[in-house]
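Numbering of residues begins at 1 and proceeds along the displayed sequence. Start at 1 and go down the list; that is how both ligands and their atoms are numbered. Since this is a predicted model, take the numbers as computed values, not measurements.
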Amino acid sequence: MRYISTRGKAPELGFEDVLLTGLARDGGLYVPKTWPALTPADLKRLAGLSYAETAFEVCRLFTGDAFDDATLKGIMDEVYGSFEHSAVAPLKQLDGNLWMMELFHGPTLAFKDYAMQVLGRMFDHVLTKRGEKVTIVGATSGDTGSAAIEAFRDSANAEIFIFFPKGRVSPVQQHQMTTVDAPNVHAIALEGTFDDCQDMVKALFNDIAFRDKHNLSGVNSINWARILPQVVYYVTSALSIGATAERPVSFVVPTGNFGNIFAAYAAKQMGLPVDRMVVATNQNDILSRFLASGEMKLEGVQPSISPSMDIQVSSNFERYLFDLFDRDGAAVTEALSGFRETGHFAVSQGMLDRARAEFDGFRTDEDGTRATIKAVYEETGEITDPHSAVSLGAARQARDSGAIGMDMPMISLACAHPAKFPDAVESAIGLRPALPPRLADLLEREERMTVLANDYGTVSTHIAGIVATKENAA
Ligand SMILES: *Cc1c(COP(=O)(O)O)cnc(C)c1O
């Protein structure tokens, strides 16, 4: 399997290089050159397999010769064998044709574990084979950072530095990053906003001398290996409700960077019987506005109670745009550089029609999110986190508007455990959801973090100092 860049100017790579490279050299994102097919016979065979077995079967179609079968299978068994629910991504039926897929049974209680855990082990395997070490830097508004720290803790081949905005992540999210007692994990509270954290990471990567000296690597969702393992739960869930070409399923996905829903799109390209894909947004609704008008128009981010979706520029949307532009890298480059300059671009009516032939977009605002948490609790007894509620709010609108018929099986994704966002849940239903027993004392655990000024010299000196100390000790 070969990978090409969405900007059309970077070299074609195999999976192993795509894994370590992240962003392509032309500023684009890597996508598979062709989509491998899952035939109806393949799907029939997969329907009898466990989650880890399905993960192995799906991912091996993309990984080429990067891993032998025993290694890849071992990774999947180890990762998904440690999740807390034996089904890994269980479905809960909410009404006659609506299911909620729970994606919070991994170590940090959000769906990002499903791919990040695999990514961490793939990195370790490849780095050991090559005899290389990397310095991982990443910015987080909450969920990505803890998932990355859990995935790389105790890795002998990686030092990991995660920047979060000081005082602006939830106490549960902060403790998940700061209480991990592993010598290669470094949680940094930056005196600034999430955007400052992201800019700091970009500045580190743009400092070519620093990047090369410390072998910097990134783990955000522009890395194809963050998307690939997410394809698996679309396959397992569609198969477990018996989806077929005659009776396909539709998915509703709470969307920020467009990574998770792009995995649904990938599954559909491979032949999974998927009908509609619903982009669920909170009040930061640039994507649902795009699907209504064909115009991408930047507005300021309004902080919400579903903070992992407080995003205006969805990095993975570029992967879909590449297909919408018939894989014309120059056209993608032009549209996105215009967007960067003016905060605006538009697609033709024909392209909008094609996008709307498979995607819908619905927005759920703050009051709507709380009202959905309350309604779902009263109707079904399920306690949902605010991101999952944005998704269920969109599912309801999809039915009410007629976009999705009442007879269409629909799966709405629950991407975080309600105890990760207890304040929002309490404000909606007056109940404070409890953390699972293994994390019950999380907020009392001792924190380790470094507070740093939002200053490039301070940050780069800090990282260089730690990496040098480690190298001298080795
Ligand atoms: C990351 C995240 C999202 C957004 O997912 P994307 O892949 O960025 O679209 C939604 N909900 C939760 C809980 C998340 O952690």
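For ligand 1, the atoms lying closer than 4.0 Å to a non-hydrogen atom of C415 are 11 (N), 12 (C), 13 (C). Each of the atoms 13 (C) of ligand 1 lies under 4.0 Å from some heavy atom of A416. Taking every non-hydrogen atom of P254 and a distance limit under 4.0 Å, the qualifying atoms of ligand 1 come out as 4 (C), 10 (C). Taking a cut-off of under 4.0 Å to the non-hydrogen atoms of T255, the atoms of ligand 1 that pass are 9 (O). Within ligand 1, the atoms closer than 4.0 Å to a non-hydrogen atom of K112 are 1 (C), 2 (C), 3 (C), 14 (C), 15 (O), numbered from 1 in the order shown. Close approach of ligand 1 to M309 (heavy-atom distance below 4.0 Å) involves ligand atoms 10 (C). For ligand 1, the atoms closer than 4.0 angstrom to any heavy atom of G259 are 6 (P), 7 (O), 9 (O). Annotation for ligand 1: atoms under 4.0 Å from non-hydrogen atoms of N260 are 7 (O).
Salt-bridge annotation for R399 and D95: present, with a side-chain N of the basic residue lying under 4.0 Å from a carboxylate O of the acidic one. Electrostatic pairing of R7 and D26 does not count as a salt bridge here, judged by no charged N lying under 4.0 Å from a carboxylate O. Note on R354 versus D326: salt bridge recorded, some NZ/NE/NH1/NH2 to OD/OE distance being below 4.0 Å. Ionic pairing of R121 and D124 is not present here: no N-O contact between side-chain nitrogen and carboxylate oxygen is shorter than 4.0 angstrom. Salt-bridge check for R327 with D323: passed, with a basic side-chain N closer than 4.0 Å to an acidic carboxylate O.
Between Y114 and Y80, the two ring planes are tilted [angle within 30° to 60°]. W224 and Y3 have tilted rings, their planes meeting at an angle from 30° to 60° on a 0 to 90° scale.
Contacts between N257 and ligand 1 below 4.0 angstrom, taking non-hydrogen atoms only, involve backbone and side chain alike. Proximity of F111 to ligand 1, defined as any heavy-atom pair under 4.0 Å, is confined to the side chain (atoms from C-beta onward).
With a 4.5 Å cut-off on side-chain heavy atoms, F359 and I261 count as touching.
The only member of L336, V313, L287 that meets side-chain contact (heavy atoms from CB on, under 4.5 Å) when paired with M296 is L287.
Residue, atom and distance of the protein heavy atom nearest to atom 11 (N) of ligand 1 are H387 CD2, 3.5 Å. Nearest non-hydrogen protein atom to atom 9 (O) of ligand 1 is G256 N, 2.8 Å.
Between F421 and ligand 1, no pair of N/O atoms sits closer than 3.5 Å.
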